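These figures come from a predicted structure and were not determined experimentally. Just so it is clear, the values below take in all heavy atoms, side chains as well, and ignore hydrogens, waters and symmetry mates. Throughout, a chain's letter reflects where its sequence line sits, starting with A, and its residues are numbered from 1.
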There are 2 protein chains.
Amino acid sequence: MLAEVFRAHGYAGASLALIGTRTGLGKGSLYHAFPGGKVEMAQAVLDEIGAWFEGRIYASLRDTPDPRAAIRQMLAETDGYFRSGRRVCLVGAFALCDERDLFGDRIAGYFAQWRDALTQALRRCGHDTKAFDLAEDTVLAIQGGLVLARALDDPEVFGRMLKRLEWTLLGETTARVHPSTS
Amino acid sequence: MLAEVFRAHGYAGASLALIGTRTGLGKGSLYHAFPGGKVEMAQAVLDEIGAWFEGRIYASLRDTPDPRAAIRQMLAETDGYFRSGRRVCLVGAFALCDERDLFGDRIAGYFAQWRDALTQALRRCGHDTKAFDLAEDTVLAIQGGLVLARALDDPEVFGRMLKRLEWTLLGETTARVHPSTS
DNA sequence: AGGGCGCTGTACCGATCGGTACAGACATCG
DNA sequence: CGATGTCTGTACCGATCGGTACAGCGCCCT
């Protein structure tokens, strides 16, 4: 809930009055839960997001005995989390404005962990030397897909990108036909 | 100059006081040049950006007799404009926050024109059916590269992505000569 | 029953927000 | 030289910003 306010209006745009009405809490309750104020609220949201991705995506990519299944799961979870392109990535949005200076380590960590976990999975299924480049390109494409889908107000951009990623990461042996999307 | 203030602090974060100090103009001058206030300033900046890309990139992609050269030029101009990953895309940043509602048409137009111009160029050099997908993926990757480069505070992410794009769009037959910045 | 304590609403703070009004500086032109 | 119209700095406006102080409420423990 708190995360959605930041997601919808950005850090600067999420005023305490707006947070209060959206969460149904007064300032007293908010500052009791987050003595550090707005900064601590955003940090808590970023930590929660990081924990979600760690549990649902990163851990599997690093540890699973079946890296191809973990990658497929990553694509599915990503599609679900971002509501098939209708939801914005809060971490990516924070990275673009000057909130990056406040939360720089958490923002960098989010992307670095994703990239490194995916690199490990890719190394264990054929892509040896290209694993890092492929992982970087994947994380990057997901962010770009979210930007473009929202800019064009066309969530299907995100779905097409995921299809292309599935093809690139897993090859034609698992996918059905060539992803010449309709 | 005005654009840089929005780029550095976002629309909400670029207060009139900050704009005044950075541009050296008082409120009187600002509201004389932009009677519509902050909204009109941002619109002017977006229009200026759109015109720049139209003149330096889109026009060549659509009209040039040598589409491969136009694509190579696009990559070089893109690298220059975004300072090799050290500069943020203002249009992309606006797309993520709720400023999209204010400038939706300009934001969508910026990306749609880029994608469509590149599609035309790609159609004329081999990629027939996949031209649209390739163009969409390219525009998307550039945005993602900017997000990731800034999030990780590592501009080289952007350079690596451009190299990958060059290979995907032009193939390995392209000469290794570095694109000359006219 | 009653004393502490965690939680909540609310009044209030100085600062700053976007925007307006307006008086003067300035150049131009008769 | 005086009139005119274009710019520009500044004082000011109500609204809202993030944050603080505090009184009251209920809940638990003894």
Side-chain angles (χ1 to χ4, degrees), chain A residues 1-51 88 90-107, chain B residues 1-51 88 90-107:
Chain A
M1 181 59 75
L2 185 55
E4 295 308 318
V5 186
F6 283 116
R7 216 185 294 271
H9 303 92
Y11 181 77
S15 68
L16 288 187
L18 193 62
I19 293 174
T21 60
R22 290 288 241 248
T23 59
L25 297 174
K27 284 191 182 181
S29 311
L30 286 172
Y31 272 85
H32 180 79
F34 306 100
K38 203 172 158 183
V39 171
E40 191 175 337
M41 298 181 206
Q43 286 176 343
V45 167
L46 289 176
D47 287 341
E48 182 189 296
I49 293 174
V88 165
L90 184 61
V91 192
F94 276 14
L96 288 184
C97 301
D98 54 356
E99 285 89 37
R100 194 198 54 162
D101 303 334
L102 276 173
F103 315 111
D105 49 344
R106 286 164 219 257
I107 293 172
Chain B
M1 180 62 73
L2 186 55
E4 294 309 317
V5 186
F6 282 116
R7 216 185 295 269
H9 304 92
Y11 181 77
S15 68
L16 289 188
L18 193 61
I19 293 174
T21 60
R22 290 288 240 248
T23 59
L25 297 174
K27 284 191 182 182
S29 311
L30 287 172
Y31 272 85
H32 180 78
F34 306 100
K38 203 171 157 182
V39 172
E40 191 175 337
M41 297 181 207
Q43 287 177 342
V45 166
L46 289 175
D47 287 341
E48 181 190 297
I49 292 174
V88 165
L90 183 62
V91 192
F94 275 15
L96 288 184
C97 301
D98 54 357
E99 285 90 37
R100 194 198 55 161
D101 303 334
L102 276 173
F103 315 110
D105 50 345
R106 286 163 220 258
I107 293 172

Which atom names give the shortest non-hydrogen contact between [X] and [Y], and what distance separates them?
{"X": "A/A14", "Y": "A/V5", "result": "CB-CG1, 4.0 Å"}
{"X": "A/A33", "Y": "A/P35", "result": "O-CD, 3.5 Å"}
{"X": "A/D98", "Y": "B/A8", "result": "CB-O, 3.6 Å"}
{"X": "A/T21", "Y": "A/L18", "result": "OG1-O, 2.9 Å"}
{"X": "A/A44", "Y": "A/F34", "result": "CB-CE2, 3.7 Å"}

Within residues 7-15 of chain B, which residues have any heavy atom lying less than 4.0 Å from an atom of DNA chain C?
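B/A14, B/S15 - these, ordered by number, are the residues of the stretch whose heavy atoms sit under 4.0 Å from the strand.
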Contacting residues from residues 34-42 of chain B, given that a heavy atom lies under 4.0 angstrom of DNA chain C:
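Heavy-atom contacts with DNA chain C come from B/G37, B/K38.
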Polar-atom pairs under 3.5 Å, protein N or O versus N or O of nucleotides 4-8 of chain C: list them with distances, or write none.
residue : atom : partner : partner atom : Å
C/dC7   : OP2  : A/H32   : NE2          : 2.5
C/dT8   : OP2  : A/S29   : OG           : 3.4
C/dT8   : O5'  : A/S29   : OG           : 3.0

Aromatic rings B/F6 and B/F94: how do their planes relate, parallel, tilted or perpendicular, breaks at 30° and 60°?
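Aromatic pair B/F6/B/F94 classed perpendicular.
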First-last contacting nucleotides on DNA chain D - partner chain B, under 4.0 angstrom, heavy atom:
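Nucleotide range in contact with chain B: D/dC7 to D/dT10.
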Just checking B/A33: base, sugar-phosphate only, or nothing, at a heavy-atom cut-off of under 4.0 Å?
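Nothing, no nucleic acid heavy atom in range.
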Nearest-0.5 Å distance, CD1 of residue B/I107 to CG of residue B/L90
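These two atoms lie 8.5 Å from each other.
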I need the B/L2 CG to B/E48 CD distance, nearest 0.5 Å.
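Nearest 0.5 Å value for the CG-CD distance: 8.0 Å.
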Test item: B/V45 and B/Y11 side chains (from C-beta on) under 4.5 Å apart, heavy atoms
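Heavy-atom side-chain distance check fails, nothing below 4.5 Å.
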For B/D47, side chain to side chain donor-acceptor pair (under 3.5 Å) partners two or more places apart:
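B/D47: side chain to side chain donor-acceptor pair (under 3.5 Å) contacts with B/R106.
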Among residues at least two apart in sequence or on other chains, which ones pass salt bridge (charged side-chain N to carboxylate O under 4.0 Å, His left out) with B/E4?
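If we apply the salt bridge (charged side-chain N to carboxylate O under 4.0 Å, His left out) test to B/E4, skipping adjacent residues, the hits are B/R7, B/R87.
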I would like to know whether B/V39 and B/F103 meet side chain to side chain contact (heavy atoms under 4.5 Å, CB included); could you show each step before the answer?
CA-CA 9 Å; B/V39 172; B/F103 315 110; 4.0 Å; yes
